[in-house]
Amino acid sequence: MANLHISWLLLAQCLLLVTRITAKVPAIVVFGDSSVDAGNNNQIPTIARSNFQPYGRDFSGGKPTGRFSNGRVPTDFISQALGLRPFIPAYLDPSYNISDFAIGVTFASAGTGYDTATSDVLSVIPLWKQLEYYKAYQNKLRLYLGGNKANKTIYGALHIMSLGTNDFLENYYSYPGRSSQYPIQQYQDFLIGIAGNFIKQLYHLGARKISLGGLPPMGCLPLERTTNIMGGNDCIADYNNVALEFNGKLNGLTTNLNKELPGLKLVFSNPYYIFLQMIRRPSLYGFEVTSVACCATGMYEMGYTCNQNNMFTCSDASKYIFWDSFHPTEKANHIISDYVVKNVLAQFL
């Protein structure tokens with residue numbers, strides 16, 4: 001009987017711990033690009049889509065949702081790690097409503113960036129529009145939960161920002177517009193200004209817990225390595241250096257805003273080093289292929305060029321870091337999100 005009493009006591013303590021965790025972070029709200037889009041682009045006229053096979057083949061039910069991976073994206077894993085749902089639905093997905101979004105929602109849009117000119121390249125949802133959706137979401141949340149509870153949810157929710165890569169690779173280095181306006185350092189500062197203003201707007205809308213995501217080693221994306229013929233298809237060092245510089249500025253922004261805005265808990269979630277370690281020492285993580293992706297030839301395909309008719313697509317994505325030429329596999333996403341939860345987001349628990 002004593003053992004039984006101890007077992008029930010332990011169970012009660014575990015349930016209390018879980019309750020505390022979920023109460024501390026009652027919801028996750030996501031802004032960003034394809035790294036955290038769960039299908040918003042399915043609902044807008046753009047070619048930046050992935051709602052077809054083989055995307056999603058390892059997602060629950062083998063369903064292509066619009067996530068740019070074979071399965072889940074990092075924010076899905078973060079949601080699960082914080083005691084919430086194992087995935088975060090897209091705000092524009094008609095199969096979900098405010099009862100679903102009350103504990104997790106993503107406004108992210110593949111192909112977007114801090115710079116509105118970046119979102120114009122593929123006609124996707126700019127960051128300012130994601131903020132408008134967030135304001136509408138808050139109104140729906142207040143109608144659904146009532147004013148006080150909704151305000152507490154917003155106050156306690158973890159707001160995640162994950163974007164910036166497209167501003168450089170899809171915009172600055174691909175089109176003459178911004179690169180003729182700004183030297184690279186000044187363009188970084190331009191983006192930092194936009195990021196800072198966005199965070200301040202979130203703060204004034206009631207957000208207090210915010211994760212600002214850093215850039216990965218973007219010179220190591222298969223699409224970039226494919227073009228680096230003179231460099232033996234290795235990572236493009238210049239792009240990686242820009243990512244490091246920009247991450248340094250994001251980290252500085254984090255420090256400054258925490259001093260400036262009372263009660264704000266802004267953290268910098270940097271995926272750069274864990275990502276690079278996976279690429280440099282893949283066997284530590286059970287990977288075999290780092291320079292090309294699983295889908296198609298793995299050198300340049302993503303979106304509609306990564307389709308189910310391509311006979312070159314790999315059979316086991318878990319051996320690959322990259323799913324398509326721009327996006328990680330579910331396994332890589334899981335490793336990155338676990339690292340960020342353990343080393344950065346754990347302070348919110």
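Shortest non-hydrogen contact noted between I88 and G104 is CG2-C, 3.7 Å. Scanning both residues, P54 and W323, for their nearest heavy atoms gives O-CZ2, 3.4 Å. Heavy atoms only, all atoms of each residue included: P262 and R208 are closest at O-NE, 4.2 Å. The shortest non-hydrogen separation linking V73 to N333 is CA-ND2, 3.7 Å. Nearest heavy-atom pair, A157 versus V29, reported as atom, atom and distance to 0.1 Å: CB-CG2, 4.4 Å. Across every non-hydrogen atom of V25 and I28, the tightest pair is CG1-CG1, 4.3 Å.
When side chains are defined from C-beta on, C220 counts as touching N240, because their heavy atoms get closer than 4.5 Å. With a 4.5 Å cut-off on side-chain heavy atoms, R72 and P86 count as touching. In this structure, M302 and S325 have side chains that are in contact, with non-hydrogen atoms separated by less than 4.5 Å. Taking 4.5 Å as the limit, every side-chain heavy atom of R225 sits out of range of all side-chain heavy atoms of P222. Taking 4.5 Å as the limit, some side-chain heavy atom of I279 sits within range of a side-chain heavy atom of I321. Within the 4.5 Å cutoff, no side-chain heavy atoms of K265 are placed close to those of I210. No side-chain heavy atom of T329 sits less than 4.5 Å from a side-chain heavy atom of S318.
In this structure, a donor-acceptor pair under 3.5 Å is absent between the side chains of N166 and T118. With no hydrogens or angles considered, a side-chain donor-acceptor pair links Y187 and D115 at under 3.5 Å. A donor atom on one side chain and an acceptor atom on the other are not found under 3.5 Å apart for R280 and Q277. A donor atom on one side chain and an acceptor atom on the other are not found under 3.5 Å apart for T46 and S123. Inspection of the R57 and Q308 side chains reveals no N or O donor paired with an N or O acceptor under 3.5 Å. At a cut-off of 3.5 Å, with distance as the only test, a side-chain donor of Q185 or E245 sits close to an acceptor on the other residue. A donor-acceptor contact closer than 3.5 angstrom is absent between the side chains of S69 and R67. In this structure, a donor-acceptor pair under 3.5 Å is present between the side chains of D58 and N70. Using a 3.5 Å distance cut-off with no hydrogens or angles, the side chains of Y55 and D324 do pair a donor with an acceptor. Using a 3.5 Å distance cut-off with no hydrogens or angles, the side chains of H327 and S34 do pair a donor with an acceptor. A donor atom on one side chain and an acceptor atom on the other are found under 3.5 Å apart for R142 and N151.
The aromatic rings of H334 and F77 lie parallel to each other, their planes meeting at an angle below 30°, with 60° marking the opposite boundary. Using bins of under 30°, 30° to 60° and over 60° for the plane-to-plane angle, the ring pair F101/Y91 lands in the tilted bin. The aromatic rings of F168 and F246 lie perpendicular to each other, with more than 60° between the two planes, well past the 30° mark.
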Query raised in the report: Does the side-chain contact (heavy atoms from CB on, under 4.5 Å) test come out yes or no for N42 and D93, once each step is laid out?
Result: CA-CA 8 Å; N42 302 351; D93 189 331; 5.8 Å; no

Report task. Begin with the C-alpha distance, continue with both residues' side-chain angles, and end with the deciding distance and a verdict on side-chain contact (heavy atoms from CB on, under 4.5 Å) for F275 and M278. Result -> CA-CA 5 Å; F275 212 132; M278 286 194 298; 4.3 Å; yes

Query - Worked check of side chain to side chain donor-acceptor pair (under 3.5 Å) between Q130 and Y134 - result: CA-CA 6 Å; Q130 293 185 33; Y134 177 57; over 6 Å; no

Requested in this report: Check the pair Y239, Y173 against ring-ring contact (aromatic ring centres under 6.0 Å, His included), reporting the backbone distance first and the verdict last.
Outcome: CA-CA 10 Å; Y239 288 177; Y173 290 116; 4.6 Å; yes

Report task. Let me see the working for E301 and T297 under side-chain contact (heavy atoms from CB on, under 4.5 Å), right down to the final yes or no. Result -> CA-CA 7 Å; E301 294 92 348; T297 66; 2.8 Å; yes

Report task. In sequence, state the C-alpha distance, the side-chain angles, and the governing distance for L169 and L221, and then conclude on side-chain contact (heavy atoms from CB on, under 4.5 Å). Result -> CA-CA 10 Å; L169 299 185; L221 302 179; 3.7 Å; yes

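I335 and Y273 are assigned to two separate hydrophobic clusters, defined by single-linkage of ILVMFWY side chains at heavy-atom distances under 4.5 Å. No path of Ile, Leu, Val, Met, Phe, Trp and Tyr side chains, each step under 4.5 Å between heavy atoms, connects I274 with L244, placing them in separate hydrophobic clusters. Transitive grouping of hydrophobic side chains (ILVMFWY, heavy atoms separated by less than 4.5 Å) keeps Y155 and L205 in distinct clusters. Both Y304 and F322 belong to a common hydrophobic cluster when Ile, Leu, Val, Met, Phe, Trp and Tyr are linked at side-chain heavy-atom distances under 4.5 angstrom. Residues Y272 and M161 do not share a hydrophobic cluster, defined by chaining ILVMFWY side chains whose heavy atoms lie under 4.5 Å apart.
Contacts of V289 classified as side chain to side chain contact (heavy atoms under 4.5 Å, CB included), with partners at least two apart in sequence or in another chain: V292, Y320.
Other residues, nucleotides and ligands contribute at most 12 non-hydrogen atoms within 6.0 Å of the CZ atom of R281. At most 12 non-hydrogen atoms from other residues, nucleotides or ligands lie less than 6.0 angstrom from OH of Y300. In this structure, I47 places its CD1 atom where only 12 or fewer heavy-atom neighbours from other residues, nucleotides or ligands lie under 6.0 Å away. The 12-atom threshold is not exceeded at CZ of F312, counting heavy atoms of other residues, nucleotides or ligands nearer than 6.0 Å. Crowding of Y285 atom OH: a count of heavy atoms from other residues, nucleotides or ligands under 6.0 Å exceeding 12. Other residues, nucleotides and ligands place more than 12 heavy atoms under 6.0 Å from the NZ atom of K249.
Taking CD1 from I125 and CD1 from I44, the interatomic distance works out to 4.5 Å, rounded to the nearest 0.5 Å. Residue Q347 holds its CD atom at 10.5 Å from NZ of K209, rounded to the nearest 0.5 Å. Within the model, atoms CZ of F268 and CG of N258 stand 13.0 Å from one another, a figure rounded to the nearest 0.5 Å. Rounding to the nearest 0.5 angstrom, the gap separating the CG atom in D167 from the OH atom in Y114 is 8.0 Å. Residue Q138 holds its CD atom at 3.5 Å from CD1 of I154, rounded to the nearest 0.5 Å. Here the OG atom belonging to S35 is positioned 10.0 Å from the CG atom belonging to L215, to the nearest 0.5 angstrom.
If you run side-chain contact (heavy atoms from CB on, under 4.5 Å) between L212 and each of N270, I160, T254, only T254 comes through. Looking at L143, L145, L141 one by one, the single match for side-chain contact (heavy atoms from CB on, under 4.5 Å) with I98 turns out to be L141.
Ring centroids of F198 and F31 are separated by less than 6.0 Å, placing the two rings close together.
Taking the ring axis of F348 as reference, the NZ or CZ atom of K24 does not stay both within 45° of it and closer than 6.0 Å to the ring centre. The cationic atom of R85 (NZ for Lys, CZ for Arg) lies less than 6.0 Å from the six-membered ring centre of F87 and within 45° of the ring axis.
Residues E132 and K129 are not paired through a salt bridge, judged by the lack of any N-O separation under 4.0 Å between the basic side chain and the carboxylate.
For the two cysteine residues C295 and C314, the thiol sulfurs sit 2.5 Å or further apart.
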